[in-house]
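Heads up, the thing below is written out as structure tokens.
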Protein chains: 2
Amino acid sequence: MVKFSKSTTIIHTVDVIFYKQRGFHAIIWFENERFVRRRGLGMITIKDIAEMANVSRSTVSRVLNNSGYVSEDARKRVEQVIKDTGYVPSTNAKALRTKKSKVIGVILPTIQTETPSRIVTGLGRELSKHGYQILLANTDHQKEKEMEYLQVLKIHQVDGIVLLATNTDKKLIEAIKKLNIPVVVVGQEVEGLLCVTYDDYQSARELTKYFIDKGHRKIAFIGVDESDRAVGYERKRGYLDEMAANGLSVEQSWVQKGVFNIHSGYEAMQKILETNNKPTATLAVTDRLAIGAMSYLREVGFNIPTDMAISGIGNSEMSQHLNPPLTTIDYENEKAGEEVAKQLLASMDSQQVAKKIVMDYRLIIRESV
Amino acid sequence: MVKFSKSTTIIHTVDVIFYKQRGFHAIIWFENERFVRRRGLGMITIKDIAEMANVSRSTVSRVLNNSGYVSEDARKRVEQVIKDTGYVPSTNAKALRTKKSKVIGVILPTIQTETPSRIVTGLGRELSKHGYQILLANTDHQKEKEMEYLQVLKIHQVDGIVLLATNTDKKLIEAIKKLNIPVVVVGQEVEGLLCVTYDDYQSARELTKYFIDKGHRKIAFIGVDESDRAVGYERKRGYLDEMAANGLSVEQSWVQKGVFNIHSGYEAMQKILETNNKPTATLAVTDRLAIGAMSYLREVGFNIPTDMAISGIGNSEMSQHLNPPLTTIDYENEKAGEEVAKQLLASMDSQQVAKKIVMDYRLIIRESV
DNA sequence: CCTTTTTAGGGAATCGATTCCACATGAGGG
DNA sequence: CCCTCATGTGGAATCGATTCCCTAAAAAGG
């Protein structure tokens, strides 16, 4: 309990106490075994703690940061007052002085798809263990907002930035480097920056190999624009390389391009089936594209996997509930998010240079192939 | 362009300039038509701007905040320097002084489901229009973290809090009220707080009525635990009331309870079909439950909607791609998020009291009923 | 032409922490 | 007994803004 000096005047024994000492006074009340300063009187500051514990602000700060010399006696008193009042130091004042905000900025194109939301979940889980918070900068797919948010994050003095980018714009990267704030880029490789990426090439290749092992020779591919290096370019390269490595040819009409939604997969499959030389399997670079493709296949009476085998990538929640359940690649995004946090924290206190982390993946075999 | 005084010494004409005036000096360089202070020299402050524009910090502040008297001449100079340097005031210093951080805290149980991620998207969209950022506090379904995050948000001096709660704990509500920070609760009604809710009762009722209008008399219901007032209790009440209003009886086995995932809907439907008095329609309180239920129906060879009609609630992205496309309720979560932002901003500058906003909903008729 | 009022802008305090520096003890070494 | 050194603590400057207060000049009014 707080020890009151002689000058403390108790007005109401149970719940309201007028506390006066060394010029400081405030109305505090008793509740849940702790003293709380009355709302509206402004927040409780280090000065108040110092006065209540009969020490200087310096000493309170030393206790708070566990630095410098503090006698056992003073420490005890300060800690007791802090406990009694529920005091927590203002992060703004702290940030102003130390230039460390305990906030990490996250720039992402959307949180409405599973990959980013899983990554952010993992990221937040790990960051919160170390007392960091996430400042969200959702560009909502508007590229011009990326730059804007970069500025916003800077002025909020974030200690680090996580960039979930799809298309890594040169200008943006330059701007990021100039900020001189530790950054981790997730999902895309960027020269000169710390990146946590997925093995898009290998996973697509392994998936293709799985089709081949299952006896398929004519394998189609539903991709996305190659300006997305990871999803568009690397996955396609994995597919093409594995086909070539097995001496399998690829008809032009088998390789279709969509965007990131279900309907796009539907249309792509429609185009794939327009050929006379029909493939027996299709690799879609996202589960949503695969779902759309399956939807079309069902519509035209194709049986999956006998008439057409299909796989996605991403292990969406829905994938296991499809009919048939979808074979796909699990990138363990939450784990990746945690890894991103670890890397970022590490690079924050050790001026670590650029480094590439490639995450593992798992082939999830279900009944669609 | 910055005007240099006589004492400015140009060392390198093109890219490095040594700028000295009234005691201030720094190395700046020319790039993209603007002067940038060298990295590592620390951030550029209002003091620098003041010195470059030959005015006092007070004047710069007045320009920045568009307050007090500033001559046209001085304003022009300051604005030019700000533009040239790309200066933006530190939000921490500002927050420390003004107690306004331009940050809104959002506490949510997860961002991995569509409802919260859509709400946050809408919220962020509207907030960013007014220069606010979102500080994310994802409890990851751990109730004990709610309180913890409340403290975190407080010490970060957030200007407002948005609570996306499923179960509104008394203690949490009390703690929120005590913080004395404007709050908006989304999706659940809480006494004494500003709430933006959905019309769970009416929408469930209308959906039930739709089944009845379609000729169904024996209608089953897949709900969730009633501790979730909105989804568990209100939607169930809407269903029961509409059934009663039409003189339709409800068999106990028709009313099942699940949790918020797909598999749970599968199991619920399994239980529903164990009865001899089989219903001809089922209302599931979320799309995911409906998807699971459909999955079971397909497995046991039921045709939808002829053998069993089914509907969900929530208008998930997947719902329109199901076979058959799912009849559901659209709550327009993004719009709700925007409304939340508007309400919060309004309550922030007008000490508005508690108020209930009930959002509209749309019945989305597809082929599953 | 003198007084009021408006306009302009600088100085200094302030917000809530951290941190450097100076000073005061007390213990130990010679 | 004096000197050094480890320990403990307070004072004051600082971080980067805002804002109150005060002074000065210009404009308006009589």
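All chains are named by letter (A, B, ...) in the order of the sequence lines, taking the proteins before the strands, and each is independently numbered beginning at 1. The figures here come from the full heavy-atom set of this structure, side chains too, leaving out hydrogens, waters and symmetry mates. Everything numeric in this text was worked out from a predicted model, so none of it was measured.
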Of all residues at least two apart in sequence or in a different chain, which pass the side chain to side chain contact (heavy atoms under 4.5 Å, CB included) check with [X]?
{"X": "B:Asp73", "value": "B:Ser71, B:Arg77"}
{"X": "B:Lys143", "value": "B:Glu146, B:Asn167, B:Asp169"}
{"X": "A:Pro89", "value": "A:Leu64, A:Tyr87"}
{"X": "B:Arg62", "value": "B:Ser58, B:Thr59, B:Ser67, B:Val70"}

Listed pairs, N/O of protein and of nucleotides 17-21 of chain D, under 3.5 Å:
residue, atom, partner, partner atom, Å
D:dA17, OP1, B:Tyr87, OH, 3.1
D:dA17, OP1, B:Ser90, N, 2.4
D:dA17, OP2, B:Ile46, N, 2.5
D:dA17, OP2, B:Tyr87, OH, 3.4
D:dA17, O5', B:Tyr87, OH, 3.4
D:dA17, N6, B:Arg57, NH2, 3.2
D:dT18, OP1, B:Asn65, OD1, 3.4
D:dT18, OP1, B:Asn65, ND2, 3.2
D:dT18, OP1, B:Lys94, NZ, 3.3
D:dT18, OP2, B:Ser61, OG, 2.8
D:dT18, OP2, B:Asn65, ND2, 3.3
D:dT18, O2, B:Arg97, NH1, 2.0
D:dT19, O4, B:Ser58, OG, 3.4

In this structure, how many angstroms lie between the [atom2] atom of [N] and the [atom1] atom of [X], rounded?
{"X": "A:Asp73", "N": "D:dT7", "atom1": "CG", "atom2": "C1'", "answer": "14 Å"}
{"X": "B:His156", "N": "C:dG16", "atom1": "NE2", "atom2": "P", "answer": "17 Å"}
{"X": "A:Glu51", "N": "D:dG11", "atom1": "CD", "atom2": "P", "answer": "11 Å"}
{"X": "B:Arg75", "N": "C:dA8", "atom1": "CZ", "atom2": "P", "answer": "10 Å"}
{"X": "A:Leu96", "N": "C:dC15", "atom1": "CG", "atom2": "C1'", "answer": "9 Å"}
{"X": "B:Arg77", "N": "C:dG10", "atom1": "CZ", "atom2": "C1'", "answer": "13 Å"}
{"X": "A:Asn66", "N": "C:dT19", "atom1": "CG", "atom2": "C1'", "answer": "16 Å"}
{"X": "B:Glu72", "N": "D:dA26", "atom1": "CD", "atom2": "P", "answer": "18 Å"}

Considering residues at least two apart in sequence or located in another chain, which fulfil the salt bridge (charged side-chain N to carboxylate O under 4.0 Å, His left out) criterion with A:Glu339?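 Partners of A:Glu339 by the salt bridge (charged side-chain N to carboxylate O under 4.0 Å, His left out) criterion come out as none, since no residue qualifies.
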Name all residues meeting the salt bridge (charged side-chain N to carboxylate O under 4.0 Å, His left out) criterion together with B:Arg125; count only those two or more places apart in sequence or in a different chain, and write none if there are none. A:Asp140, B:Glu334, B:Glu338
Residue among B:Ile46, B:Asp48, B:Ile49 satisfying side chain to side chain contact (heavy atoms under 4.5 Å, CB included) with B:Arg57: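 Option passing the side chain to side chain contact (heavy atoms under 4.5 Å, CB included) with B:Arg57: B:Ile46.
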Just grab all the side chain to side chain donor-acceptor pair (under 3.5 Å) pairs involving residues 99-108 of chain A, residues at least two apart or on different chains. A:Ser101-A:Asp159
With heavy atoms under 4.0 Å as the rule, sort B:Ala74 into base, sugar-phosphate or nothing.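 Answer is sugar-phosphate: B:Ala74 comes under 4.0 Å of backbone atoms only.
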Any side-chain donor near an acceptor of the partner, A:Asn92 and B:Arg97, under 3.5 Å: no
Polar atoms only, N or O, under 3.5 Å: list the protein pairs with nucleotides 3-6 of chain D and their distances.
none

